[in-house]
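A quick write-up on the structure given underneath.
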Amino acid sequence: KHHILRFLQYHIPLLAGRAFSSSARQLRNKVPEAQKLFQEDNGLPVHIKGGTADVLLYRATMTLTITGTCYSCYWLLTASMPQKKQ
């Protein structure tokens, strides 16, 4: 148990220092590339200009939306019908 504590006392400050260090790797600015992609006049709507992942996400969202709307309408109609007495 003492061995684990000593290990953590040594490594946690080291890792925390690396995480917040200003000499960490520099991140590249990808905004200009994205602007070029989305402003290109290729006839595609903006919601699918990002490629295959965007198309799949759009189709999944539309499928869930339409399915949910139909399901809600079904239960609204079911709830609005009077129950038959037995």
Side-chain angles (χ1 to χ4, degrees):
K1 187 175 180 179
H2 183 66
H3 183 66
I4 294 172
L5 289 174
R6 180 159 304 209
F7 176 80
L8 292 175
Q9 284 176 338
Y10 177 76
H11 283 89
I12 288 179
L14 240 169
L15 293 172
R18 286 185 193 158
F20 297 107
S21 161
S22 62
S23 64
R25 67 183 181 127
Q26 290 288 335
L27 297 176
R28 204 179 90 224
N29 186 6
K30 298 178 186 175
V31 172
E33 295 169 13
Q35 284 177 334
K36 233 183 267 182
L37 173 71
F38 286 101
Q39 290 176 354
E40 185 179 326
D41 187 20
N42 56 6
L44 292 174
V46 72
H47 59 271
I48 60 174
K49 281 190 177 186
T52 307
D54 281 355
V55 171
L56 291 174
L57 185 61
Y58 172 74
R59 288 184 183 166
T61 303
M62 290 306 295
T63 301
L64 286 170
T65 302
I66 291 169
T67 304
T69 302
C70 292
Y71 189 69
S72 296
C73 289
Y74 169 78
W75 281 110
L76 281 170
L77 284 171
T78 302
S80 69
M81 300 289 176
Q83 295 283 327
K84 292 182 182 178
K85 292 185 178 181
Q86 291 179 346

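Bear in mind that the values here come from a model prediction, so they are computed numbers and not experimental data.
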Q. Which pair of non-hydrogen atoms, one from Q39 and one from K49, has the smallest distance, and what is that distance?
A. C-NZ, 4.3 Å

(Q) How close do T61 and L57 get, counting heavy atoms only, and between which atoms? (A)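 Closest approach of T61 to L57, heavy atoms only: OG1-O, 2.7 Å.
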
Q: Any pair with a residue in residues 70-81 that passes side chain to side chain donor-acceptor pair (under 3.5 Å), sequence neighbours left out, goes on the list, sorted by first then second residue, please.
A: Y71-W75

Q. Using links of under 4.5 Å between side-chain heavy atoms of ILVMFWY residues, direct or through other members, which residues join V46 in one cluster?
A.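 V46 shares its hydrophobic cluster with L37, F38.
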
Q. Does a sphere of radius 6.0 Å around CG in N42 hold more than 12 heavy atoms from other residues, nucleotides or ligands, not counting ones at 6.0 Å or beyond?
A. yes

Q) Distance from T67 atom OG1 to M62 atom CE, nearest 0.5 Å? A) 10.5 Å

